[in-house]
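Both ligands and their constituent atoms are indexed starting at 1 by order of listing. Note that the coordinates shown come from a computational prediction; the quantities given were computed from them, not determined experimentally.
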Amino acid sequence: MDDAVAALRRLIEDAHRVVVFTGAGISTESGIPDFRSPGGIWTRQNPIYFDKFLASEDARRETWRRRFEMEPVLRTARPNRGHVAVAALVATGRVDAVITQNIDGLHQASGIPARQVIELHGNTTYATCLDCTARYEIADLAAAFAADGRAPRCAHCAGLVKTATVSFGQAMPAAAMVRAEEAVLEADLCLAIGSSLVVYPAAGFPRLAKRNGARLVILNREETELDPLADLVLHRSIGETLGAAVGVQ
Ligand code: NAD
Ligand code: ZN
């Protein structure tokens, strides 16, 4: 174990309450591309804002076309060593909540109880009607889209159907925001893992942890704006580093 990993392990051992905050970087080792790495999704396509989705059938079709294109990757992705390390930390009982920006469901798939995963940006593994909240499965929507090329509508109320995610320009889920704040305020250590920490309000949580007196660790391959605030910064691969610090394979 090298010095940086040993320092991370010591901070974790010294903490009473740990809050984990994750971004797309923790899932790249599962084969899901992030947004802002070189070659990430934003280097290839622009985001579609929520008002565009509401206003334009073309925007909805394009949103769904992109989602179905990702389906083979999302459906087969499995938790990697980084997810397993986070799950092992949760199992020690000192982590109340994993606050995630991710929409892939891999924290739950790694064995963390769903009630302990706070999804700030929702979940893309299923869809809901924007009007009546009826749930739809991606496989069914994909089959219908392949047949008629139209963006899905609700079978009950004809409302617009969208993945259960929070798009740019869409309101944040109020309950998740409150729970995340509570978890942060109770923690004396915050681990920010695999996030460029530029998407707000999500990136406000590691900041809040630090302002509240907690220690802050940033584990991310590239520099982030919050690096100067952190007690420990590791510009390294997540799976290897966290796996070694927590002691999981
Ligand atoms: P981001 O793309 O802005 O940043 C990811 C960061 O992770 C980058 O700085 C990159 O250097 C780092 N990284 C990537 N792989 C790494 C690895 N193996 N080891 C160490 N560092 C690694 O992601 P973000 O901050 O989460 O913000 C993007 C938004 O996109 C989020 O709001 C999220 O909702 C969404 N998103 C989610 C997924 C997912 O669910 N897996 C994937 C793409 C985007
Ligand atoms: Zn409906």
Side-chain angles (χ1 to χ4, degrees), residues 4 8 20-48 66-67 70 73-75 77-83 85-86 98-110 117-125 127-136 152-170 172-173 176 180 191-206 217-227 233-244:
L8 174 55
V20 178
F21 176 90
T22 65
I26 198 170
S27 293
T28 58
E29 293 171 41
S30 295
I32 302 174
D34 64 8
F35 279 169
R36 293 178 183 78
S37 280
I41 291 170
W42 288 158
T43 61
R44 289 179 280 124
Q45 59 192 21
N46 294 320
I48 297 169
R66 292 178 183 181
R67 174 62 186 82
M70 279 298 291
V73 170
L74 285 167
R75 196 179 46 232
R78 290 292 166 263
N80 65 60
R81 195 176 172 197
H83 293 106
V86 172
V98 177
I99 303 169
T100 188
Q101 297 174 270
N102 294 348
I103 55 178
D104 54 31
L106 289 181
H107 284 303
Q108 294 90 324
S110 74
V117 181
I118 302 174
E119 293 177 318
L120 294 179
H121 296 160
N123 190 306
T124 197
T125 64
T128 57
C129 169
L130 290 177
D131 290 334
C132 76
T133 74
R135 175 176 166 136
Y136 292 89
R153 291 268 180 172
C154 180
H156 310 290
C157 77
L160 301 177
V161 174
K162 183 179 169 290
T163 55
T165 51
V166 179
S167 297
F168 285 106
Q170 193 173 358
M172 297 292 288
L191 305 179
I193 302 168
S195 173
S196 59
L197 300 175
V198 296
V199 178
Y200 281 83
F205 288 113
V217 174
I218 295 178
L219 169 54
N220 200 63
R221 209 153 44 198
E222 291 166 281
E223 284 181 12
T224 81
E225 263 175 47
L226 299 195
D227 285 3
V233 177
L234 301 108
H235 292 150
R236 301 171 171 227
S237 302
I238 293 164
E240 203 185 325
T241 309
L242 201 59

Legend entry - the Zn ion (ligand 2) to nearest N/O/S of Cys157 below 2.8 Å: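 Yes, within the cut-off.
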If the cut-off is 4.0 Å to any non-hydrogen atom of [X], which atoms of ligand 1 fall inside it?
X      : answer
Arg36  : 1 (P), 2 (O), 3 (O), 27 (O), 28 (C)
Arg236 : 19 (N), 20 (C)
Thr28  : 14 (C), 15 (N), 16 (C), 17 (C), 18 (N)
Gly194 : 5 (C), 6 (C), 7 (O)
Ser37  : 10 (C), 11 (O), 14 (C)
Glu29  : 17 (C), 18 (N), 19 (N)

Using heavy-atom distances only, which candidate in [options] approaches [atom] most closely?
atom                    : options                : value
atom 32 (O) of ligand 1 : Glu223, His121, Glu222 : His121
atom 42 (C) of ligand 1 : Gly82, Pro33, Ser27    : Pro33
atom 4 (O) of ligand 1  : Ser196, Gly31, Ala203  : Ser196

Reported [atom1]-to-[atom2] distance for the pair [X] and [Y], which is rounded to 0.5 angstrom:
X      : Y      : atom1 : atom2 : answer
Leu234 : Asp227 : CG    : CG    : 10.0 Å
Lys162 : Arg67  : NZ    : CZ    : 11.5 Å
Ile48  : Arg66  : CD1   : CZ    : 4.0 Å

Legend entry - SG (Cys129) to the Zn ion (ligand 2) to SG (Cys154) angle, given to the nearest 10 degrees: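 Between SG of Cys129 and SG of Cys154, at the Zn ion (ligand 2), the angle is about 110°.
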Any N/O of [X] closer than 3.5 Å to an N/O of ligand 1?
X      : result
Ser237 : no
Gly23  : no
Ala24  : yes
Phe35  : yes

Quick one: are [X] and [Y] in side-chain contact, heavy atoms under 4.5 Å?
X      : Y      : result
Ile32  : Asn102 : no
Met70  : Thr124 : no
Gln108 : Glu119 : yes
Ser110 : Val86  : no

Inset, instruction - Hey, can you tell me if His83 and His107 have their rings parallel, tilted or perpendicular (30° and 60° cut-offs)? - result: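 Judged by the thresholds at 30° and 60°, the geometry between His83 and His107 is perpendicular.
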Side chain, backbone, both or neither: the part of [X] lying under 4.0 Å from ligand 1 by heavy atom:
X      : value
Ile32  : side chain
Arg221 : both
Asp104 : both
Gln101 : both

Inset, instruction - Answer yes if the side chains of Thr22 and Thr100 hold a donor-acceptor pair under 3.5 Å, and no otherwise. - result: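 On atom types as modelled, these side chains qualify, holding a pair under 3.5 Å.
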Legend entry - His156 and Asp131: side chain donor to acceptor below 3.5 Å: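 His156 vs Asp131: no donor-acceptor pair found between side chains.
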Inset, instruction - Check whether any heavy atom of His235 sits under 4.0 Å from an atom of ligand 1. - result: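 Contact absent.
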Inset, instruction - State, to 0.1 Å, how close Asp104 and Ser27 come at their nearest heavy-atom pair, and which atoms those are. - result: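 Residues Asp104 and Ser27, closest heavy atoms: OD2-OG, 2.6 Å.
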Inset, instruction - Please check if atom CD in Glu223 has more than 12 non-hydrogen atoms from other residues, nucleotides or ligands closer than 6.0 Å. - result: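 No, the 6.0 Å shell around CD holds no more than 12 heavy atoms from other groups.
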